[in-house]
Enquirer: 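A single structure is presented below for examination.
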Amino acid sequence: MPTDNEFMRQAIDLATTKMQEGHGGPFGAVIVRDGVVVAQGFNRVTSSLDPTAHAEIDAIRKACQRFETFRLDDCEIYINCEPCPMCLAALYWAGIHKITYAATRKDAAAIGFADDLIYDEIGKAPAERSIPMIQLMREEALASFKAWQENNEKIAY
């Protein structure tokens with residue numbers, strides 16, 4: 001069975017190769033289930049003109065489609081860099097049970113990526129963030145929450 005280092009080497013090699021091919025930033029991810037690679041993802045932000053096309057998101061989407069589910073509880077991920085807040089949240093939403101990473105968000109910040117800045121922003125109160133956040137129409141919005149809560153046919157996640 002491949003080792004953690006071998007899975008991480010795949011993520012690092014994928015990041016480097018796909019970046020050199022012009023797909024996007026130097027980020028790669030490998031999702032593993034029972035010791036077998038089930039999906040690989042790489043950064044496609046610039047090539048797809050999609051700011052959410054990070055390696056982890058790409059890999060999660062591929063694994064979920066492969067298994068026809070939105071939960072990956074029995075999977076782990078190897079990433080060549082600590083996930084940004086968006087990807088970390090997606091990994092939690094997907095139920096990934098283990099995250100192994102190489103470089104840190106500080107390493108990413110050192111080459112111009114905003115991961116560390118966004119982590120800092122999340123810790124601030126909404127009114128203190130660099131992008132203004134204005135809350136409107138809360139009571140009206142809660143109607144759809146109530147409808148969800150009362151829906152006996154919903155698929156919980």
Side-chain angles (χ1 to χ4, degrees), residues 4-5 7-33 37-67 69-142 144-145 148 155-157:
D4 288 344
N5 285 358
F7 291 131
M8 185 59 73
R9 170 59 52 210
Q10 287 182 42
I12 292 168
D13 289 347
L14 184 65
T16 303
T17 300
K18 295 303 182 181
M19 180 267 305
Q20 290 173 336
E21 291 175 359
H23 293 280
F27 303 102
V30 174
I31 295 180
V32 174
R33 179 191 215 183
V37 173
V38 296
Q40 295 183 340
F42 55 92
N43 185 285
R44 301 169 187 261
V45 170
T46 57
S47 61
S48 68
L49 305 177
D50 178 357
T52 68
H54 290 199
E56 299 91 327
I57 303 296
D58 186 38
I60 289 168
R61 288 175 178 157
K62 290 173 180 173
C64 286
Q65 289 171 0
R66 177 177 179 172
F67 297 124
T69 184
F70 57 87
R71 296 292 301 179
L72 300 172
D73 298 299
D74 53 353
C75 295
E76 57 189 297
I77 191 166
Y78 294 81
I79 318 162
N80 73 307
C81 185
E82 180 180 2
C84 75
M86 175 186 70
C87 292
L88 181 61
L91 293 166
Y92 272 91
W93 282 117
I96 296 283
H97 76 264
K98 181 180 171 190
I99 300 167
T100 304
Y101 66 93
T104 69
R105 64 187 191 226
K106 301 276 187 203
D107 296 325
I111 61 168
F113 290 91
D115 304 39
D116 202 37
L117 166 75
I118 298 168
Y119 271 105
D120 290 343
E121 286 285 298
I122 289 170
K124 296 178 183 177
E128 296 173 4
R129 294 181 181 150
S130 61
I131 297 175
M133 292 185 65
I134 311 334
Q135 184 178 18
L136 291 175
M137 301 178 65
R138 179 178 179 264
E139 292 303 318
E140 289 86 340
L142 291 177
S144 58
F145 284 21
W148 169 261
I155 299 173
Y157 58 97

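Bear in mind the structure is a predicted one, so any value in this text is a computation, not a measurement. Atom set for the values below is all heavy atoms of this structure, side chains included, hydrogens, waters and symmetry mates excluded.
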Enquirer: Looking only at atom types and distance, does a side-chain atom of N80 sit under 3.5 Å from a main-chain N or O of G28, one as donor and one as acceptor?
Expert: yes
Enquirer: Please name all residues satisfying side-chain contact (heavy atoms from CB on, under 4.5 Å) with D4, sequence neighbours left out, ordered by chain then number.
Expert: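 Expected list: Y78, K98.
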Enquirer: Just by distance, do the side chain of D107 and the backbone of T104 share a donor-acceptor pair under 3.5 Å?
Expert: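 Pair found, side chain donor or acceptor close to backbone of T104.
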Enquirer: Return all side-chain donor-acceptor pairs below 3.5 angstrom for residues 86-94, not counting sequence neighbours, or 'none' if the list is empty.
Expert:
none

Enquirer: Could you tell me which residues satisfy salt bridge (charged side-chain N to carboxylate O under 4.0 Å, His left out) with R71, sequence neighbours excluded, listed by chain and number?
Expert: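 Salt bridge (charged side-chain N to carboxylate O under 4.0 Å, His left out) list for R71, sorted by chain: D73.
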Enquirer: The criterion is side-chain contact (heavy atoms from CB on, under 4.5 Å); which residues satisfy it with L49, sequence neighbours excluded?
Expert: none
Enquirer: Not counting sequence neighbours, list each pair that qualifies as a ring-ring contact (aromatic ring centres under 6.0 Å, His included) and has a residue in residues 9-32.
Expert: H23-F42, F27-F113
Enquirer: Return the minimal non-hydrogen interatomic distance between G22 and S47, and the atom names on each side.
Expert: O-CB, 4.0 Å
Enquirer: Name all residues meeting the salt bridge (charged side-chain N to carboxylate O under 4.0 Å, His left out) criterion together with R105; count only those two or more places apart in sequence or in a different chain, and write none if there are none.
Expert: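 Expected list: E82, D116.
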Enquirer: Looking only at heavy atoms, what is the nearest atom pair of I122 and R129, with distance?
Expert: O-NH2, 3.2 Å
Enquirer: Taking all heavy atoms of A108 and all of C81, pick out the closest pair and write down the distance.
Expert: CB-SG, 3.9 Å
Enquirer: Looking at R66 and V38, would you say the former's side chain and the latter's main chain have a donor-acceptor pair under 3.5 Å?
Expert: yes
Enquirer: Taking only residues at least two apart or on different chains, which pairs with a member in residues 49-60 satisfy side chain to side chain donor-acceptor pair (under 3.5 Å)?
Expert: R44-D58, D50-T52, D58-K62
Enquirer: S130: what forms a side chain to side chain donor-acceptor pair (under 3.5 Å) with it, not counting sequence neighbours?
Expert: E121
Enquirer: With sequence neighbours excluded, tell me which residues meet side-chain contact (heavy atoms from CB on, under 4.5 Å) with M137.
Expert: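 Here the qualifying residues are E140.
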Enquirer: Would you say T17's side chain and L14's backbone share a donor-acceptor pair under 3.5 angstrom?
Expert: no
Enquirer: Is any side-chain heavy atom of F7 less than 4.5 Å from a side-chain heavy atom of V37?
Expert: yes
Enquirer: Report yes if some heavy atom in the side chain of L72 is under 4.5 Å from a heavy atom in the side chain of I31; otherwise report no.
Expert: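 Yes, their side chains come closer than 4.5 Å.
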Enquirer: Is the shortest heavy-atom distance from the side chain of K18 to the side chain of N43 under 4.5 Å?
Expert: no
Enquirer: To the closest 0.5 Å, what do you measure between CD (E76) and NE2 (H97)?
Expert: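 Atom-to-atom, E76:CD and H97:NE2 are 4.5 Å apart.
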Enquirer: Can you list everything that forms a salt bridge (charged side-chain N to carboxylate O under 4.0 Å, His left out) with E139? Sequence neighbours excluded, please.
Expert: none
Enquirer: Using the test salt bridge (charged side-chain N to carboxylate O under 4.0 Å, His left out), find all partners of D13 that sit at least two apart in sequence or belong to another chain.
Expert: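 With neighbours one apart ignored, the set is R9.
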Enquirer: Run the side chain to side chain donor-acceptor pair (under 3.5 Å) test against R33 and tell me which residues pass, sequence neighbours left out.
Expert: D74
